Every structure is written in C-alpha cells, then in structure tokens.
Amino acid sequence: MLLYDHKAIEAKWQKHWATYKTFKAVNNSDQPKFYALDMFPYPSGAGLHVGHPLGYIASDIVSRYKRHKGFNVLHPMGYDSFGLPAEQYAIQTGQHPAETTKTNIEGGIDKSGNKIAGYRKQMDRIGFSFDWDRELRTSSPDYYKYTQEIFILLFDSWYDKDADKARLISELESRFRESGTNNINAATDEDLREFTAAEWNAFTDQEQQEVLLDYRLTFLANTEVNWCPALGTVLANDEIVNGVSERGGHPVVRKKMRQWMMRISAFAERLLNDLEGLDWSESIKEIQRNWIGKSVGAMVSFPLESKHNENFSLWGNAAGNGAKIDVFTTRPDTIYGVTFMTLAPEHELVDIITTPAQKQAIETYKKATAARSERERMADVKTISGVFTGAYATHPLSGEAVPVWIGDYVLAGYGTGAVMAVPCGDERDHAFAAYFEGQEGMPAIKNIFDGIDISEEAYTPKDKTPICNSDFLNGMSYKSGAMAAAIEKLEEIGAGKGKTNYRLRDAVFSRQRYWGEPFPVYYKDGLPQMIDPKHLPVELPEVDEYLPTEDGAPPLGRATHWHWDEKNNCVVANPSLTLPKGKGISEKTSFSDGKSKDLPSVKDLRRESNATPGYFTAKREIASTLLQLAQEMRKNPTEAEAVLWKELKGKKTGFKFTQQHPIDEFIPDFVCLSRKLIVELDGKYHEFQVDKDDQRTLKLEQKFGYKVIRFTNEEVINDTKAVLLKISEEVNQRPEFFKNEDEVLPSGKDLGWDQHIYPLELNTMPGWAGSSWYMFRYMDANNENEMFSKEAQEYWENVDLYIGGSEHATGHLLYSRFWVKLLHDLGKVTVNEPFKKMINQGMILGESAFVYMIKPKLIDFENKVKIDLNPPTIIVNEKIAKELFGSNVLKNLHPDVIKDFERQYNLSLAYNKHHEKFELCYEILKSGNIPISNVVNGEIRTEFLKDYYTTKNFHYFLDDSGLKKINELKSIPLFFEPEKMSKSKYNVVSPDDICEQYGADTLRLYEMFLGPLEQAKPWNTAGITGVYGFIKKLWKLYHNDVGFSVSDEKASPDSMKTLHKTIKKVQDDIENFSFNTSVSSFMIAVNELTAQKCTSREVLEPLAILVSPYAPHIAEELWSLLGRHESISDAPFPVFEEEYLVESNKTYPISFNGKMKFTLNLPAAISKDELEKMVLANEKVQEQLEGKQLRKTIVVPGKIVNFVVG
RNA sequence: GCUCGAGUGGUGGAAUUGGUAGACACGUUGGACUUAAAAUCCAAUGGGUAGUAAUGCCCGUACGGGUUCAAGUCCCGUCUCGAGUACCA
C-alpha cells in the first residue's frame, strides 16, 4: 500500500493552489457573497506560534465550507505592520523598521544573524485558502496614503447632534456664514463662544480657522495625556493596563500636551446602541458598554456667594464672574440630601476659595496627593482622606450653605471634577461624612429617604422608596419620576439641566514615534493645514536614529527633509540650512541657528534613487536641498568664481553656461548643459580633496557623460584669458547633447521654496489607525485611484465573520466601529458597522517549564534582609517542592540531608562566621523559564542545564530516593505551568515543527480538536498522535494492500447512514462554530466505515468533500485519486438526506423513578399507547415492577419510557 | 468591590430544545506481531462493592437546597477559578 506522504502531498497542493489561484475572489458574481476575515497579525520577529493559526484555521474551514456551499468567498490576509517592536529593534540595532518588517513577513536573516522563516511562508505551509492577491500591509505607502486620506476626512468633518451624524465642515462654514452659531448643535469639547453671521464674516481667515478647529472630528487640543517616559510617547486609555503601559509595563504619568485627538465621544451613543444588532459575544459587548460608560443625570450649579463666605471679597475675578461649582450627578432626585460638596484636589477653584485658616491644611493635602502616583491612588482605595476648604456653596434649591471639601476620591478627569455629596444615598459620600463626622465643616447627614435608617450605611437602591425632606419632591420616588421632576425644576430656575455623561474619552491620536503613518499635515502660522489628498502619500522620511531629538521632539524631528512645499506639493528639505563653506554638500552642515549637525551623508542620499541628469539634472529626491544650496552658493561666490562667471554668463562664449547648477548629487561650479561640459574651480589642493574630486569627476564622466575640466583659483584670477580660451576649445570639441538650452531645471527661486515651505507634523499615527478601516481595503486592495471602489464595497458590504482575540475589545474593535460610522455618514460606505458576526478565539497557552530549588540564605536580623548565598542549590522534584512550599524548609528537610548539604558546601563556615548576627535558612524558589526546546518527555538532560545556569548553582537533585549529584544524573524532571506564549518565556511552539513532523492537515485538525474555539487552552502535543492516526486511517480507507482502491458498488445502508449522519453533524457544527466536535465525528465516521469495510465511491467521494475544509491537502489528493481533475474546493457540499437515518427500530432506555435500568429495542413507527403496552408486556419490566405499585407511566416516543413506582 | 463567564474521569473535552452522563481522543494497563525497538492491531479503563463468572447493586457532573416522572442542563444560596473593570458621582 502507498504510504501517506504528507510532505510531498501538502507541498504539491499548496503549489497547485498558488499556481492556479484557486482561491481568488471576484468582485462580481451571481453567487451569494461571504466575507470571512481574520484579525491580521503584527509580523513580529519571533514568527508565528501555534496560537496564531487557531483563528485562521477556523475561518479557513468556514471559508472553504462556504465555497462548497456555493458562495463567492472573500478570505484575505495582510499585516498590521506598523508598530512598536520593529521600532524598538531599530533603536537597538539601527536596522530600518521597514527592513525588519519585510524580513519578518518574507523571511531572511535579521541583523542579529537569526534566521527568520517569515509569516508568509509559515502561513503557506498550513494550507490556507487566502486570496493572496489582496494582501495588504499597513506600513506600505500604497495603503497608508488612504489612512492619511481618512484622517483628512475626519478633519473635514464635524458632528451634527441634531441629525446625529457627521457632516462636512464646509456645510458648517456655510451655516456660520448664514446664521452664525444659531441652531447649531455640534459635538464639541466645551461650551464654545457663540457668534452671529455678521461676526463670523468679520473674522479674519485665521480666526475662522481657529473656530472651526473646535468643531472638527479630529482636532488639536491641550489635554492631560498619559505620557510614558520610558517609551517616550503618549498612550491612549486602552493602551494602559493597571496604571502601566500595556507594552513593556512602564509607568505612565499625566502630562499636559498639545495632541491630535479623535472626537470618538461624539459617536458614543451610536456605538452603544448599535451593539444590539451585532452578533458578537455578550462579554465583548459588555466590555464595550462598560468602556463607553453611559450615565444619565444632570449638571447642577452650586453658586458661591458672599452671604456664605467671609473671604468672598478676596476672590478677585472669580467672585466678580459669579463663581459656581458645577457638578454632574446621576441622582438629581437626591439633591435635598446634599450635605457637603467635594472637589478633586486639582480642581481650579480650590486655590481661590480656600479660606486663610484652611490654606495650610489644603496645601499639605494637595502636595501629598500630587506625590502619589496613579498606581498608589488606585491601590489604596479604602483610605479616606480630605480637607475642608472653609468655603461654602449655596444649595440651588434650598439656598442653604453647603460646605466645600476636597478629597482624592473625586477624580479630576471625570465629569467636572466635583461632586455634590449625598451621604444618605452614596456609599463613598457616606464613608467620607462618617469619617469626618463632628469636624468643622461637616454637618450631620441629611436623610431624604422616608423610613430608612442610614446611620450605618448609605441607601443606594433605585426603587420606590419615597423621598422626604425634599420640598416639591416629597412623596415621589426614583421609580415614580422624581428624577425628571428634579431636572425640570433645575432647568426652570436655571440651576442645571439634564445631561448624559460618558466615560468614553476622546482618543489621543498622535504618537511620538517613528514607525507609524505620518500625518498629512503641515503648519502655517501655527495652524494645521491638510495636504490635498491627491498629493498623498506623505511618505515617512529617513532619519539617522529612531530616537527623539535632543530637545525632546519626536523622531521625525531628525529628518532633514520634512517640510512641505505648498506650491509644488512635495516634501522638501528643511529650509534652515545655510551655505556650507566649500563645494557641494559637506557632510557637516551648519544650521542657521549656529549649531552644527550631521546631515545625511551624500552616500545615504544617493541610495534613494538613480535619477539621470538631463536637462532636469538634479536628483529628484534631494533636488530641493541642492537647489537651495546652489542658490546660496551663487549669492556668495568666491573671487575666482565671480571673475569667471562675468566672462561666461550671457552666452559670451557662444554657449550657455549656468552657475552652480545641480547635477545628480553634485553642484559643479559652471556647466554647459547642451555640451555636457563642467568647469570646476578648485582652491588649494588638499590630498583628500583631490581624491574626492577625482571620484566625483569619474562619476560625472562615466555615468552621465560629462567632461570635467579644472582650473585653480590662481589660474582664473591671474590669467583669465587663457582659461577662457581653454574652455572655448573644449566646449567646441564636445558633441551637442541638447538643443533646447532653455530647458533647464527651474531655479530654486522659481520653485518658490523660500516662500512656500512649511514644517510638517512630527508626530505619527497610533497603531490602531491602519487597522480601523483595512476590512474595506481588502474589497479592492489593488485600487490605485481610491481607497476602494463604491461597487466593490456595495458588493461585499462588510465582514460576515470576523475571527480574532478578545483583547482588542476596547481598542481596535471600538475604533474601527467609529471610523466606519464616519465613513458611513460621509457616504463612503453603505454599512454602519464593520463586523456583523465575531468569534473570539481563546488563547493557546504555552507550557512553561521550571524546576524548584532550595537555596540557602542568611537572614540578617539587624537589617531585616535576606542575603543570597552564592553556591549551593538543591533542585527538588515537584512533590517535595509542594510539600515544602510555604513551610519552614529547614524543619521539614531531613536532618541528614541538611547536614550532608552543609558539610559538602562548607556552608557551616559561612554560618559560623556570622552566627551572632545571622541565621541560616533555606528558601524554596521557582526557577526562571527553562527553554522547552530542550525538554524531552517532561525532563531536561542535565547537560542542557549548564547552558542556562551556572553549574555551580545546580549541584544537587533531591527526590524521594535522596540527594544526588546533578552531574551524575542524565536528566531531571521538570514541572510545567501554562503561560502566554512568548519568546522571553522560552515556551513558543512553532507550527512549522508540527507541519514538518505530522503535516499541515494534522495541525489543522489537532488545533480544532483541542477544544472549543473560544476557550483558552494550553498547548500540549500529547494528543496529536490521535489525530495523526486519524489521517492515516482516512488514507487507508481509500486504499487496499496494493494501492488506491475504490469500488463503484452500491454502499451498504449502514455506510450510507454513517455518511449522512456525518454530513448533518459536520454541517451543523460548522454553522455553530463547533469545530472540535466535527473532528470527532470524522473519527467516528472513519472508524465505522473501516469496520464496515466500505469501499464505495458513493460514500467515499462525499466523505472527501466533508473532510476537505478541515484537511484540504489529503482531501485534494484523494479527490484526484478518485479521478477528479478539478480542485475539490469547488465541489458542491454533499446534501444531507434524512431517509438514510430513518430506522425501523429505536433503542429505548427504560427507567424506573428516573433511573435507567436497561434498554429495549422497539419499533420506531408506533403510537404512544402501543409503545406503553409493549413495554409493559416485557418480562424484564414485569420483573422490576414485581411487588411494587406502579403509580405513573411516562412514555415519550422517540425518547424514553419511565415508570414511577413506590 | 462591581460586571460577565466557567466548574463533568488521570488529561483535553462530548452530551442542540430537561430524557441512556463521560462521545471522540490522549494517557494507563494487559495482549498480538517483532531478536528488539518503532509502527500497527485487539481488549480493558469514572469510583466503590458483591460474585469463579455471566451479571448485579450503590455513589457519582464544585458544594447545599429546590422544581420535575426525569436535572450536568431550570431556580435559589454558597464556594472556587478565569476574564473585564476599578473611587465614573
């Protein structure tokens, strides 16, 4: 029999699919469409591990299944290739992130010499049905030019709350022109100033732009941001976990910075409501709901008045302007329960209103709060602290004085940073009031809940409890409309209004990083200007280092070419360069500020291109720099240059010469372009300069066909005539290269770079920018004219099935919904949501390997520290470790062992020497991760231990049989704990190894067989042999001893039943994403068919199709062996036919009092009464009933028979 | 603390609306083949208990209650684990 050779067969079909583009999707088809998308990966240097393909396999199964079912399937893959790791790697090694990224995707050798397999090759080995013609990379300019375009769209939009949609800013402008801010209800940051149409029209352009900036959906704002000093960048809220950065775990501090923001808060309500219609897991929806954090309530103003404040006169402006404290509350119905108010310590009113008597205490408290990190504040929630300011606000309804406190339980960042404290209805307020009870400024708690005792704790339920002591609210309850009544009253007297607050903050959109999308933005008079989309992309500039500049500007501040030429619409060199002394571009160039900095060397610039000098002679990429330099050189000629130019200019020689005209990367002194003759004037020759001149001459002559002649300055000044004669002679001998001598490069002045050049934005976009719209790009991935065509989007609509991890719940999944809603409002897409259905695959955890070891330590009683003693360590097995853990190791260790241990290591010496002050103890510790690559059958060979730890520390091993020397042992048992797979934990398992050993089909089946897709599970190869065995059994089913063997005979009813049972099961399983169970039903089917010795084509052909979504390679091979020439991927899915499952008999479980005793085989088509009769007649039943009273009989046809006896 | 989810053999996990708990695998044990190993095949395998055996009985889905003829599944309470969130007024 032919052996199943997975390597050859899988390679063969992978090649076949690639060659024939089997999985290419078309953008128009009569078939129904299906769009299955995976969250695209970030291509890291560590490569794919077995966790990555889990989701891809699932989506691939669905895609292949849908193809069998007659769908036109879009199943693309790409790379989220901008991001931090490549940049960090670049900082360390100097390798350009673009190169790292390319290597990580396509394979190669990295700078540290590691061989990188490459994501693409790794994926290809698994046999995915991706349409690779649609591959995209977010870091490719072809892609990010549209990311930049969307940014411009956001900038050009504002949010109309009345229509509840985003609109173009031009509409807002025309409305301003016509009626000012009248009737405009826009989502903006704060209450903006209002103006009339006349006022608007009187604004200068600059003023108008400034006003509009407050309305745009992406805007510049000075806000408190999360600054991560270690990463040198700001972070969004979702990038911070437990007060530290998600990446790297670095501390994060609050800092005020001017940043680009995204007005996602405008969409909060829609983001919340539209969750309803999505087929996502409830937990993800819940996470998003919590993140959006809607709370309905009211804004209430508490005036600060002179009648309650003795020091009111000292408040200056604040007092004059009618100072008030604004608060947000979700319980305006409890307003009469306000006992005091609390401000966040950072609140701006604190310094103004504090009385002189309280000044000292307030200052001390503010300092103490400021000194505490975000983390400390979070960790220490229970401690109550606060200080009375001495000031009193006025209750807006009762007019009573309400004392104002500060306390750090009030957050500056939420609401207004101030609360009205209602101790009877809020636990924190209650605790605060109770803590400061009796102190100055803390009145007795006001209770407004009728018949409720609040002396011990607050009463928080929102129910029908009637409110009392509350004037017009008396007798009402939360349930019966007290809230609405309170808001109505507040609005009536102008002391407040109903308001909905969201926890969702506007997102910071700029990052101080290099490896991200550059903004299509430059600054003119300090105002941001968008670059016209037709000039996109604005490509990332080159920088010498991927670090911030000395003065703290982002890495793009290092670029020498990072200004926008508004007239010519291109990126040009920074204009602050001044004339370098000498010729051409010196590698050290002075800047106008007097500092000297390294420019990119000419060598670096040369790399950029191979422009050929013609009449447009300068190298395009550096033309602006060269032009600029040339112009300055012309302004400052040397004496000799001035003398010679006088003679050459204006065709005095009969030929047109130009002065300091850039050619390629050089600026020769004089050139006759039509004859390609260069005249160079040199100062005194220096040896190194001659070399350089020679090289340059060589290049100009050989590459571009110029002739270079040289004179010294002395020659020109002393004998101008001879020089001119020589030039004339040479130029006449030269052939004519160009006729039209006027067709020369426009001068720098003509280009207007000195009047139209502005600095570009130095920040880059965050990681989520590119991933927020990529699902649409796949629909039309190669479109060079627009982000995607209308037709393509209308055909594919949005994603039918999205598979990926749940860790993006508050990042990517929220931001992409936001962008899609914007695109929808602006008419760019027809859908309101990106992903109809989503499945979140669980993480596959790695098995990290460890040992336990006992380490001796000295306890220093004086200083209360433990001192590590260098050598001896005993590795113990897991059992002993568990017994010893947390106990006094010394006592539990056998005395002989200790003695032996101490004797052998002379530990007693150390002990004796210090024993007056120190005491010896032993600690049991877990080792660091041991690389699993060296682990065999749960053990590691001792020789490998030496590689990771100094042998000194690992001398002994202790298990039940006693203490042994490690170097006398062959291997040591390890213990394992599941952990997230990561390079640093040495627990990564690569799918390549599995493919090599067992094949891709086995890998695919096994990953599915591991358990439910959504569940996290540890990776353990133990069970893989079972799946591998299945593949072999499947192969065998189609073969006999000699070779391939399938008959055309009719299949047995049993075989047909097995087949159709499996069709139904697999179909249902795929529709329900229960992939693990269909693998087992395949196993059952193959086991049964093998037992039945089934060889019929009638069964085996459909079986191959059933298996093909899961194990496509073997299915294709069997399909071709069956004599089919086309790919199995287009074969129609077998149709389930009920009739094959119909049976004449059914095995009924017969139970007594609900307990199954035995089964009876009974006819299936039989009435309930007949069934009961037959069962009762059975002697086994009679036996059971003997001597008992039959109380009730339950007969469920097709299910069960149950007798109740007693 | 709050919100959501989950607890089933030695292990991963089945059990679609309440209806034969433990499918399918792994592992383990025994056996066949082999000089041996690997591979392959066969058998047993939730726990306890009685019996030479066929077979029978009891207990079992985290724990305690409940509803029901019947509960892993529904309800109430408790515990444990995981995820999210964290003074959100």
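Keep in mind that what you see is a predicted model, and the values were worked out from it rather than measured. All chains are named by letter (A, B, ...) in the order of the sequence lines, taking the proteins before the strands, and each is independently numbered beginning at 1.
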Roughly how many Å apart are [M] and [N], using the [atom1] atom of each and rounding to a whole number?
{"N": "B:U8", "M": "B:U73", "atom1": "C1'", "result": "12 Å"}
{"N": "B:G64", "M": "B:A15", "atom1": "P", "result": "26 Å"}
{"N": "B:G30", "M": "B:A23", "atom1": "C1'", "result": "24 Å"}
{"N": "B:G5", "M": "B:G12", "atom1": "P", "result": "23 Å"}
{"N": "B:G77", "M": "B:C87", "atom1": "C1'", "result": "30 Å"}
{"N": "B:A44", "M": "B:U17", "atom1": "P", "result": "32 Å"}
{"N": "B:C57", "M": "B:G7", "atom1": "C1'", "result": "30 Å"}
{"N": "B:A25", "M": "B:A14", "atom1": "C1'", "result": "11 Å"}

Whole-Å distance separating the [atom1] atom of [X] from the [atom2] atom of [N]:
{"X": "A:Asp408", "N": "B:C87", "atom1": "CG", "atom2": "C1'", "answer": "9 Å"}
{"X": "A:Ile1200", "N": "B:A15", "atom1": "CD1", "atom2": "P", "answer": "19 Å"}
{"X": "A:Asn1087", "N": "B:U40", "atom1": "CG", "atom2": "P", "answer": "14 Å"}
{"X": "A:Tyr1148", "N": "B:U20", "atom1": "OH", "atom2": "P", "answer": "13 Å"}
{"X": "A:Met1008", "N": "B:A14", "atom1": "CE", "atom2": "C1'", "answer": "17 Å"}
{"X": "A:Trp291", "N": "B:U85", "atom1": "CH2", "atom2": "P", "answer": "6 Å"}
{"X": "A:Trp1019", "N": "B:C26", "atom1": "CH2", "atom2": "C1'", "answer": "14 Å"}
{"X": "A:Asn1153", "N": "B:C58", "atom1": "CG", "atom2": "C1'", "answer": "16 Å"}

Does OP1 or OP2 of [N] have a side-chain N or O of [X] closer than 4.0 Å?
{"X": "A:Lys1192", "N": "B:C69", "answer": "yes"}
{"X": "A:Arg503", "N": "B:A86", "answer": "yes"}
{"X": "A:Gln1015", "N": "B:A6", "answer": "no"}
{"X": "A:Ser295", "N": "B:A89", "answer": "yes"}
{"X": "A:Arg289", "N": "B:U85", "answer": "no"}
{"X": "A:Lys1032", "N": "B:U40", "answer": "yes"}

Watson-Crick or G-U wobble mate for [N], both contacts under 3.5 Å:
{"N": "B:G77", "result": "B:C63"}
{"N": "B:G10", "result": "B:C26"}
{"N": "B:U20", "result": "none"}
{"N": "B:A89", "result": "none"}
{"N": "B:G82", "result": "B:C4"}
{"N": "B:G72", "result": "none"}
{"N": "B:U49", "result": "B:G56"}
{"N": "B:U34", "result": "none"}

Aromatic centroids of [Y] and [X] separated by under 6.0 Å:
{"X": "A:Phe340", "Y": "A:Phe432", "value": "yes"}
{"X": "A:Phe1030", "Y": "A:Trp1035", "value": "no"}
{"X": "A:Tyr4", "Y": "A:His1039", "value": "no"}

* Could you check whether the rings of A:Phe1082 and A:Tyr1110 sit parallel, tilted or perpendicular, using 30° and 60° as the cut-offs? =>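 Plane angle over 60°, so perpendicular.
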Just checking [X]: base, sugar-phosphate only, or nothing, at a heavy-atom cut-off of under 4.0 Å?
{"X": "A:Phe1203", "result": "nothing"}
{"X": "A:Asn1072", "result": "nothing"}
{"X": "A:Asn1076", "result": "sugar-phosphate"}
{"X": "A:Thr1025", "result": "sugar-phosphate"}
{"X": "A:Glu427", "result": "nothing"}

* Pairwise 5' ranking along RNA chain B for A:Pro1012 and A:Pro1149, keeping only the more 5' one ->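 The residue closer to the strand's 5' end, by nearest nucleotide, is A:Pro1012.
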* **Nearest-nucleotide comparison on RNA chain B, the residue closer to the 5′ end among A:Phe328 and A:Leu1010** =>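 Nearest-nucleotide comparison on RNA chain B picks A:Leu1010.
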Side chain of [X], heavy atoms from C-beta onward: which of [options] has the nearest atom to it?
{"X": "A:Asn1202", "options": "B:U20, B:U40, B:G19", "value": "B:G19"}
{"X": "A:Ile1084", "options": "B:C24, B:G19, B:A15", "value": "B:C24"}
{"X": "A:Leu411", "options": "B:A89, B:C4, B:A14", "value": "B:A89"}
{"X": "A:Lys1199", "options": "B:G19, B:A89, B:U20", "value": "B:G19"}

* Asked: What is the minimum heavy-atom distance between A:Ile448 and A:Cys424, and which atoms define it?
  ->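 Answer, listing the atom of A:Ile448 first, then A:Cys424: CG1-SG, 3.7 Å.
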Could you tell me whether [X] and [Y] have a side-chain N and a carboxylate O separated by less than 4.0 Å?
{"X": "A:Asp326", "Y": "A:Lys324", "value": "yes"}
{"X": "A:Lys1173", "Y": "A:Asp1169", "value": "no"}
{"X": "A:Lys1061", "Y": "A:Glu1088", "value": "yes"}

* Asked: Taking O4'-C1'-N9-C4 for purines and O4'-C1'-N1-C2 for pyrimidines, is B:G9 syn (within 90° of 0) or anti?
  ->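 Base orientation relative to the sugar is syn.
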* Asked: Is the NZ or CZ atom of A:Lys294 both under 6.0 Å from the centre of the six-membered ring of A:Tyr502 and within 45° of that ring's axis?
  ->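 No - A:Lys294 does not lie over the ring of A:Tyr502 by the 6.0 Å and 45° rule.
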